[in-house]
Amino acid sequence: MPPPKPIDPKDEPFPTFQLIIVGICRFSEPLAFNSILAYSYDMVMDLGIPEDDAPFYSGLLVSAYAVAEAITAMGWGAISDVYGRKPVALFGLFGVALSSIMFGVAKTYWVALLARFIGGALNGNVAIMQTMVAEMVKNPDHEPRAYATQPFVWTLGGILGAAMGGFLARPAQLYPNLFDQHGVFGQYPYLLPNLVAAIGILLAILQGMLFLDETNPRHLHTDKPNGDIDERTPLQRHSRHSISQHSHLQRDRTRSMSVAESIRRIRKQPSFMEDGMPMPFDQRFDIRRSSFGTMHSIRLPQDHHPHHSSLPTVAPVSETSTTPPERVFNFTIIMLTISLVFICYHQMAYITTMPVFILAKPSLEPGLDFRGGLGMTIPDVGTFLAVNGVVALFIQGIIFPVFVERIGVWRTFFSVTLVYPVCYIIIPFITLVPKNLTTASVYFSFTVQSFFGILVLPCALILIKNATPSPLVLGRVNGLAMSACCLARTFSPPVVGVIYSLGGSAAAWISLAAVAILGAIQLYWVPGEHVDTLKVESGFTASADFEYTDDMDEAIEDY
């Protein structure tokens with residue numbers, strides 16, 4: 001009996017159910033990540049850290065998770081290649097739940113810091129879930145819509161997580177009629193938000209165990225009728241072939257593969273993306289795909305020069321050609337990556353320093369206060385962060401596509417980077433406004449920061465992708481950009497915390513303004529990649545499939 005004919009990828013259905021299951025898993029993680037922002041400043045003081053040093057140690061709590069995550073990310077990715085995506089993803093969720101409980105019952109600062117580090121080390125979901133989404137999607141037309149679900153789900157989880165941190169921390173103090181001062185939540189005032197987050201994560205693990213399918217191609221035991229080895233062939237099949245025979249088949253398959261299929265393979269490869277950074281919008285990105293960390297599919301005109309295409313083609317290289325190959329990390333990519341470092345540094349420092357500024361007591365009353373804060377409460381911080389998440393969702397979903405399509409990618413990137421310092425310069429003057437306008441001023445600051453951040457980061461990524469000489473090196477370029485951003489986000493909270501502790505709140509904001517000014521000055525050396533015409537499509541309602549021609553198939557090179 002002849003083997004069944006393989007299903008044409010164009011006929012594959014959209015994996016709605018599996019994306020919902022993965023979405024629930026993704027939704028549960030920011031519950032823990034974002035809740036810490038609302039109370040970390042007060043928590044470190046309750047754990048015995050002096051008030052003057054609290055900003056630094058609060059920032060260190062945020063960064064510890066990401067440091068551990070970065071150290072172990074590659075290892076977990078390799079484990080998932082061998083043992084499957086599903087067990088690693090679910091174990092990563094378990095690590096987040098375990099560290100959340102440990103963090104909530106910590107009685108000393110160093111136990112809390114260890115809990116954060118353990119959580120990051122045990123979390124193998126840095127790139128696993130995004131890779132699972134890529135492997136679930138068989139129809140290329142469905143990719144934009146599938147990728148768009150992840151930033152959307154993360155943002156929703158972040159909104160709820162921020163609210164949880166604000167309204168569930170110190171429950172015996174906030175709700176004395178419901179919680180006994182001498183009970184478990186009185187003794188462990190920061191356990192409740194972490195317990196709720198852990199319960200949500202455990203429920204996500206349970207539904208994942210029951211309904212989540214394994215996506216690792218090596219664990220999908222489907223024999224190929226033609227006997228070829230490809231990325232979905234089980235490992236047992238590989239053992240029956242010699243290394244030389246496998247290399248020969250690999251080269252033959254690569255030469256015969258279309259550019260479209262080659263780029264799909266590149267998209268499906270794992271990529272380093274940090275998860276443990278609490279932000280109102282998802283900071284993960286992968287320039288190999290069309291979403292650029294947004295909830296949309298972004299495509300550029302196909303009749304542009306290859307370097308001005310969202311998926312640049314590969315020029316065929318003759319064996320006798322004397323023209324040297326184009327550098328992977330060219331000057332434009334390096335300059336844009338440096339711009340990303342500046343942006344990610346002050347963005348992350350803002351979101352971790354602003355709660356400290358809101359909670360810190362004023363050093364003088366009334367008047368312009370350059371050392372103290374606003375003296376508000378943890379529920380106030382939770383409300384600010386949750387509302388900011390909703391605003392960020394609106395900006396990304398509604399304002400971003402209209403603004404970037406009309407203004408253009410380069411002009412948006414240039415103008416926002418140029419005026420970004422204003423976002424930080426105005427913050428110390430919030431202490432000068434009348435009390436009845438303080439809340440509105442804080443919301444204004446959050447909104448401006450979200451507006452700038454949501455516009456500038458995807459534009460920088462589009463410009464980087466536009467400057468990449470070949471789609472085959474997108475993974476390497478993405479790795480450089482993502483690693484640089486991760487380092488900037490990891491080090492900025494404690495560094496700015498030290499500045500806050502030594503010089504007061506205004507010193508911290510001035511330091512962020514100075515970094516943003518450096519970013520604006522650095523624009524002088526950034527080549528003007530004028531990608532001013534593009535189409536932004538909602539990832540939930542449309543697909544952005546690129547139409548490849550027969551001529552493009554001839555551009556693929558052996559790799």
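A quick note: this is a predicted structure, and the numbers were derived from the prediction, not measured. Numbering of residues begins at 1 and proceeds along the displayed sequence.
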Under 3.5 Å: donor-acceptor pair, side chain of [X], backbone of [Y]:
X	Y	result
Asn216	Asp81	yes
Gln18	Asp213	yes
Glu29	Leu93	no
Lys86	Leu212	yes
Ser80	Gly77	yes
Arg85	Thr215	no
Lys107	Leu47	no
Ser35	Gly165	no
Gln207	Ala204	yes

Would you call [X] and [Y] a side-chain contact if the rule is heavy atoms closer than 4.5 Å?
X	Y	answer
Tyr190	Val105	no
Leu203	Ser28	no
Leu461	Lys465	no
Leu393	Leu156	yes
Asn388	Gln449	no
Ile205	Ile201	yes
Thr108	Val111	yes
Glu214	Tyr83	no

Spacing of [atom1] belonging to [X] relative to [atom2] belonging to [Y], to within rounding of 0.5 Å:
X	Y	atom1	atom2	value
Arg489	Thr352	CZ	OG1	12.5 Å
Thr490	Leu487	OG1	CG	6.0 Å
Thr353	Leu512	OG1	CG	6.0 Å
Ser58	Tyr39	OG	OH	10.5 Å
Leu463	Leu340	CG	CG	9.5 Å
Tyr65	Leu113	OH	CG	14.0 Å

**Q.** Intermediate values then yes/no, side chain to side chain contact (heavy atoms under 4.5 Å, CB included), Leu60 and Tyr109
**A.** CA-CA 11 Å; Leu60 197 60; Tyr109 174 81; 3.5 Å; yes

Q: Decide ring-ring contact (aromatic ring centres under 6.0 Å, His included) for Phe491 and Tyr345; before the verdict, give the C-alpha distance in whole Å, the side-chain angles of both, and the deciding distance to 0.1 Å.
A: CA-CA 8 Å; Phe491 285 104; Tyr345 179 95; 9.5 Å; no

Can you name the nearest heavy-atom pair linking [X] to [Y], along with the distance?
X	Y	result
Val137	Pro15	CG2-CG, 4.3 Å
Ile464	Ala481	CD1-CB, 4.4 Å
Ala115	Ser99	O-CB, 3.2 Å
Cys344	Ala488	CB-CB, 4.2 Å
Ala32	Val96	CB-CG1, 4.0 Å
Arg116	Val62	NH2-O, 3.6 Å

Q. Under 6.0 Å between the ring centres of Phe117 and Trp110?
A.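 Centroid distance Phe117-Trp110: not below 6.0 Å, so no.
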
(Q) Using side chain to side chain contact (heavy atoms under 4.5 Å, CB included), reason through Leu114 and Met102 one step at a time and then give a plain yes or no. (A) CA-CA 9 Å; Leu114 178 63; Met102 183 178 176; 3.8 Å; yes

Q: Begin with the C-alpha distance, continue with both residues' side-chain angles, and end with the deciding distance and a verdict on side chain to side chain contact (heavy atoms under 4.5 Å, CB included) for Phe413 and Leu455.
A: CA-CA 7 Å; Phe413 170 76; Leu455 288 179; over 6 Å; no

Q: Take Phe14 and Met136 through the test side chain to side chain contact (heavy atoms under 4.5 Å, CB included) and record every step on the way to the result.
A: CA-CA 9 Å; Phe14 187 76; Met136 286 174 184; over 6 Å; no

(Q) If you apply the rule ring-ring contact (aromatic ring centres under 6.0 Å, His included), what do you find for Phe91 with Trp76, and how did you get there? (A) CA-CA 10 Å; Phe91 184 79; Trp76 285 118; 5.5 Å; yes

